[in-house]
Amino acid sequence: MPSPSPPTIDAFGAWLQAGPSTPRARGRVYSPDSGAIRFAFYGRISTSEYQDPVSSRAWQIESAQRLVAGRGRIVAEFFDPGASRSLPWRRRPQAAALLAAAAGPDRHFDAVVVGEFERAFAGGEAQRVIETLQSFGVQVWLPEAQGPVDLDDAEHRALLMMLGHQSQREVRSRFRVRSAMAAQVREQGRHLGGRPPYGYQLVDAGPHPNKVHAGWGRRRHRLEVDPATAPYIRWIFAWRLEGMSTAGIARVLNERRIPSPAAYDRVRNPHREGAVWTLRTVAAILANPRYTGREVWNRQFTDHREAVPGDRRTSLGPVRVWNPREDWVVSPERMHPALVSDEDFTAVQAITARAMPEDGQVHRYALTGLLVCGLCGRRMSAHWLRRATYRCRHGRTSAHLAGSRAKSVYWAEARITEEILAANPDMAHLAGAEGVASYLRSRGAVIVCTAGSLTVQDASAVTIQEELFAAPEPSPEKSDEPEATVAGSKPVEEPKPEEEQNDESAADEETSRPEQRSPHRRPPARRVWAVKKAWTAQNPTRHHVKRE
């Protein structure tokens, strides 16, 4: 049997494999394995969406390898993609893992090397991290210092101070960028990106105005009417002008199976869990001036809630906060088709709920947030019915009608205070609902309410279900009807009057008081913990983020 012939190699492949007979080297040559120091590399990029993690990591680790060549080798790697420089190391996943590994007894590296100071540190964070690592017996090597950092050296301390101030120059760049964006909206009416409002879609608007960016193939975009959802926006404004409440509008949209913004565009709304219309969704649409055809920017800003202003280490987590209207940047001309006229939009803004009850007295609820329903695990909502009361309708709101559900849990604040003080001798000295509320908050406790019982429990031992609603299931009598279709700018059918919409709620409240109903069993077990865990992962600070 003839032996197989060796694979053929073309001339270029042979040239690559052979290499030069005598490698050329300039300057001092180090062998990669000629050192005894074991290094852990640390790198970082700010945003993985707008930066290339592969190329960024490559040049950072190459810079670190040049620094340690001939002195040691990199044996571990810690790289944080999408972590802001302003975050302290303990709040960056890989940086925190590096600190934990450095503090461990089985540490497999002797020093830490970074590819660039500004990628790893900001402000005075460097000195704190270096002091921490040195307390574990781990050196920190910087390319800017051309080796290990010595905090006892005055020159090294001055270098760290200079680099820390230099790393803050992005603050000045932020002001320049924001001023440029404001001018682009005010003077050019440009769409600056982001999710299109419900009722619009993004379309191509030609090449980028910057010639360099246009040469790279970047394009401009503008808003255009979405034929599938624009009629619903016209319905919402028309219903509001007719006097319908925002909750009533949301209820009609849910009953007609009209897709909500989160359900219609899941790709651009991954942060939204609910698939139904809510009161806040309708209110946000009614307050959005972009439906008049104008571009609007700077309606919101990110508040990091820093206990010490400027110190991100004291941040409680970012939340979106509304700017005052005078800070909004609005284009004077219409830059995309309007879905509502200026007159109708301003008329809708004038339709508001009463800021104060008819009797002129402000209603106060001392036990808000301290009452949990023992049937479904939701927090009970405050309700005024000639006095302060609390109720839980197990997911049923004026904008969302739940199907089968247990009877509402309903308690008056005075009765809660009376029974809690009578049943708990250690609380007998408290004065009224305010005293009970202060006592519960100081001890991290809540009151679990059922139809006929009240129990004080530790809040950490109670599983509280957040208000996450699923899409409404079709009722049996309407299951064969087709979904709502767009027939024009007017509703297909007249919505139910608001007086009739409230009859069922009022009747439910009157018949669900503790003294008029018998205790009932707990409903079947639900996936309360799974729902809460998923919501907490999306909202680590437990604050609802307002978005446009």
Side-chain angles (χ1 to χ4, degrees), residues 197-200 225-226 228-264 272 274-293 338-358 381-385 391 393 395-403 467 469 471-472 474-475 477-478 481-509 546 548:
Y198 187 77
Y200 288 104
V225 173
D226 183 2
T229 57
Y232 304 143
I233 296 297
R234 298 189 180 99
W235 291 6
I236 291 173
F237 277 92
W239 284 336
R240 186 59 170 164
L241 288 173
E242 293 175 1
M244 186 180 294
S245 66
T246 53
I249 294 174
R251 182 164 59 251
V252 172
L253 295 172
N254 287 328
E255 291 174 350
R256 297 187 181 185
R257 306 294 187 267
I258 293 175
S260 66
Y264 179 72
R272 301 183 188 274
V276 299
W277 289 89
T278 64
L279 184 150
R280 291 186 177 183
T281 304
V282 175
I285 289 176
L286 292 172
N288 193 346
R290 300 179 79 180
Y291 290 113
T292 63
L339 295 181
V340 61
S341 65
D342 292 350
E343 294 76 13
D344 289 346
F345 181 81
T346 54
V348 165
Q349 309 313 306
I351 303 174
T352 58
R354 287 191 179 94
M356 185 175 293
E358 294 180 354
S381 58
H383 176 61
W384 190 271
L385 189 63
R391 64 182 179 182
R393 298 194 286 176
R396 181 187 186 276
T397 68
S398 54
H400 174 80
L401 300 177
E467 293 294 333
F469 304 129
S475 57
E477 63 272 10
K478 296 183 179 180
E481 294 181 3
E483 295 183 355
T485 58
V486 179
S489 60
K490 293 297 182 182
V492 178
E493 60 182 286
E494 293 295 328
K496 184 187 293 186
E498 195 165 354
E499 293 78 5
E500 297 181 18
Q501 296 167 2
N502 295 331
D503 289 345
E504 181 182 355
S505 175
D508 183 29
E509 294 166 4
K546 293 184 177 180
E548 193 175 84

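Values below: every heavy atom of this structure, side chains too, minus hydrogens, waters and symmetry copies. Being a predicted model, the structure only gives us computed values, none of them experimental. Positions are given from 1, in the same order as the sequence printed here.
Classification of the Tyr232-Trp235 ring pair by plane angle, with boundaries at 30° and 60°, yields perpendicular. Between Tyr200 and Tyr291, the angle of the ring planes stays under 30°, which puts this pair in the parallel group of the 30/60° scheme.
A pairwise comparison of heavy atoms in Pro289 and Ala287 identifies CD-O, 3.2 Å as the closest pair. Nearest heavy-atom pair, Val348 versus Arg240, reported as atom, atom and distance to 0.1 Å: CG1-CG, 3.8 Å. Nearest approach of Gly199 to Ala230, heavy atoms of both residues: O-CB, 3.8 Å. Scanning both residues, Leu279 and Ala250, for their nearest heavy atoms gives N-CB, 4.3 Å. The two residues Leu286 and Phe345 make their nearest non-hydrogen contact at O-CE1, 3.5 Å. When every heavy atom of Phe237 is checked against every heavy atom of Val340, the shortest pair comes out as CD2-CG2, 3.9 Å.
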Decide yes or no on side-chain contact (heavy atoms from CB on, under 4.5 Å) for Tyr198 and Ile236, but give the supporting numbers first. CA-CA 12 Å; Tyr198 187 77; Ile236 291 173; 5.6 Å; no

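Expressed to the nearest 0.5 Å, how far OG1 of Thr278 lies from CG of Leu253 amounts to 10.5 Å. Taking CD1 of Ile351 as the reference point, atom CD of Glu242 lies at 10.0 Å (rounded to 0.5 Å).
Annotation: side chain of Trp239 is not in contact with side chain of Val282 (no heavy-atom distance under 4.5 Å). Between Ile233 and Ile285 there is a side-chain heavy-atom pair separated by less than 4.5 Å.
Paired with Pro197 under the rule side-chain contact (heavy atoms from CB on, under 4.5 Å), one option of Asn288, Asp226, Leu339 passes, and it is Asn288.
Of the possible polar contacts, none joining the Thr281 side chain to the Trp277 backbone as a donor-acceptor pair under 3.5 Å is found. Although no hydrogens or angles enter the test, the distance criterion places a donor-acceptor pair under 3.5 Å between the side chain of Arg257 and the main chain of Glu255.
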